[in-house]
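Read through the structure below, which is laid out as structure tokens, and then see the notes.
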Amino acid sequence: MPQTVNVELGERSYNIIIDENFCRLGEEVVKVIKPAKITVISDSNIAPLYMDEVKKQFEDLSIETHSYIFKAGEESKSLSQLEEIYNFLFSVKADRKSALVALGGGVTGDLAGYAAASYMRGIPFIQVPTSILAMVDSSIGGKTAVNHPKGKNTIGAFHQPSLVYANLSTLKTLPKEEFACGMAEVIKHGIIKEPCYFSFVRQKTTEIKTLEYQTLSRVVEGSCKIKSAVVSEDERESGVRAILNFGHTLAHALESLTNYKGYRHGEAVGVGMVAACYLGEELLSFDNEDTKKIIETIQSYNLPATFSKFSNEEIIESMMGDKKTEYGTIRFVVPKKIGKVEILAVDNLSAIKNAIDRCRA
Ligand SMILES: NC(=O)c1ccc[n+]([C@@H]2O[C@H](COP(=O)([O-])OP(=O)(O)OC[C@H]3O[C@@H](n4cnc5c(N)ncnc54)[C@H](O)[C@@H]3O)[C@@H](O)[C@H]2O)c1
Ligand SMILES: [Zn+2]
């Protein structure tokens, strides 16, 4: 039986359905929207594997269905790619009663999501995530965006999907290193909110890595519940939603210093979570035994817990963003214990440097 998690956002509420095939996708979509036309958007890796099956779900319901395929990769989250999608939507005469389906990872979801947010001032869209990162993170919460040369995810909108439909069987074709990266966000969810969930993820490494269905569906369901509870509380990230940035302060600095080519996002988050734990030890008496457990867990999913490049000054400058000359504060999500974190504006630079140094290989 499929699992359902509700994302409670008043009139913008929607369900996340976790299933082992695409059989119910069409019927679940028409329960929530009645699209006259659907365009399924997917990337060049995923479309050959799943496009036909997904399209058939809608064609069987006599819905006019089109497909649009873009080149896989972060580079496609661009304004020029977005324009190509608008051109395609005009060419098939998509109107305000049409819907988009994002079939793919976070890149597809962000790109198709923003196309849906902006085309004709907003049309409905459905997330059909196929990477673990998209299933537990990017498909939930309504953040959609493309990149601009001046910054990642800087052109975007909040636009909630009408439904998220995760078919866990698609993970069988996801490259192993991409799976590992998604697990960084899963581990993060446990640390910020749920000690029991963290223990489960820590203990079930083998079952999770071999995609054992029951265990995997508990993991995806657990993470979806944690993320959706946070999003329900603070849809627009004016407060508590920022706890989802646990591990991301150092991660963003490492990604930015390597021009987004040195680390996969989940790898950078792995190191960033360890740094945040060390900072927690200094600032909030976080238990070193828990740091060790977290490091073991990160490594057990083939993610790095250490790094070796860049001086502390370079890293801190990058963390401070544009405020290069004034030594202000840096925002960190710091653990107090597993399941409880605090959002701190840290001005204690020596504590930050110590934490970074302890992550060095
Ligand atoms: N909107 C949000 O809240 C949010 C949150 C986190 C991340 N993101 C964004 O998500 C993106 C990263 O997402 P991602 O890691 O899923 O990247 P991605 O979409 O590029 O997918 C990673 C790679 O795996 C391939 N792939 C995905 N599913 C597959 C499958 N089932 N079988 C075979 N290959 C498959 C893709 O083609 C791609 O090559 C970034 O752009 C990031 O900014 C958004
Ligand atoms: Zn992340």
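Whatever order the structure lists ligands and atoms in, that order sets their numbers, starting from 1. Note that the numbering runs from 1 along the sequence shown for the chain.
- In this structure, the side chain of R264 does not engage the main chain of E177 through any donor-acceptor pair within 3.5 Å.
- Atoms CZ and OG1, on F125 and T39 in that order, are 14.0 Å from each other to the nearest 0.5 Å.
- Residue Y165 holds its OH atom at 12.5 Å from CG of L103, rounded to the nearest 0.5 Å.
- Contacts between T144 and ligand 1 below 4.0 angstrom, taking non-hydrogen atoms only, are absent altogether.
- Scanning all protein heavy atoms for the shortest distance to atom 28 (N) of ligand 1 gives T130 OG1, 2.8 Å.
- In terms of N/O distances under 3.5 Å, ligand 1 is not approached by I140.
- Of all protein heavy atoms, the one closest to atom 7 (C) of ligand 1 is L133 CD2, 3.7 Å.
- Of the polar atoms of K77, at least one N or O is found under 3.5 Å from an N or O of ligand 1, judged by distance alone.
- Proximity of K152 to ligand 1 is established by a heavy-atom distance of less than 4.0 Å.
- Using a 4.0 Å cut-off between a side-chain N of Lys or Arg and a carboxylate O of Asp or Glu, K143 and E237 qualify as a salt bridge.
- The OG atom of S300 sits 8.0 Å away from atom CD of E296, with the distance rounded to the nearest 0.5 Å.
- Distances from atom 31 (N) of ligand 1 to the heavy atoms of T170, I132, V231 put T170 nearest.
- Minimum-distance N/O/S atom of H248 relative to the Zn ion (ligand 2): NE2.
- Around the Zn ion (ligand 2), the two atoms NE2 of H265 and OE2 of E185 are separated by an angle of 100°, to 10 degrees.
- Protein heavy atom at the shortest distance from atom 40 (C) of ligand 1 is E74 OE1, 3.3 Å.
- Counting heavy atoms closer than 4.0 Å to ligand 1, residue E178 contributes side-chain atoms (C-beta onward) but none from N, CA, C or O.
- Not one N or O on the side chain of Q81 forms a donor-acceptor pair closer than 3.5 Å with the backbone of S76.
- Shortest contact from atom 39 (O) of ligand 1 to any protein heavy atom: N45 ND2, 3.0 Å.
- Residue, atom and distance of the protein heavy atom nearest to atom 17 (O) of ligand 1 are G106 N, 3.9 Å.
- Of the protein's non-hydrogen atoms, P175 CD, 3.7 Å is the one closest to atom 34 (N) of ligand 1.
- Using a distance-only test at 3.5 Å, with no hydrogens or angles considered, a donor-acceptor pair links the side chain of K227 to the main chain of D137.
- In this structure, the side chain of K31 does not engage the main chain of E27 through any donor-acceptor pair within 3.5 Å.
- For ligand 1, none of its N or O atoms has an N or O atom of Y50 under 3.5 Å away.
- The backbone N or O of S13 lies less than 3.5 Å from no partner atom in the side chain of E11, so there is not a single donor-acceptor pair.
- In the vicinity of G105, heavy-atom distances shorter than 4.0 Å reach the ligand 1 atoms 16 (O), 19 (O).
- Pairing each heavy atom of S162 with each of P124, the nearest pair is OG-CB, 3.8 Å.
- Counting protein heavy atoms only, atom 30 (C) of ligand 1 is closest to T173 OG1, 3.5 Å.
- In the hydrophobic clustering of this structure, I16 groups with L168; members are Ile, Leu, Val, Met, Phe, Trp, Tyr whose side-chain heavy atoms approach within less than 4.5 Å, directly or through other members.
- Looking only at protein heavy atoms, the nearest one to atom 37 (O) of ligand 1 is D43 OD2, 2.7 Å.
- By heavy-atom distance, the residue among S138, A145, S131, A134 lying nearest atom 2 (C) of ligand 1 is S138.
- In terms of heavy atoms, H159 sits closest to T144 at O-CG2, 3.9 Å.
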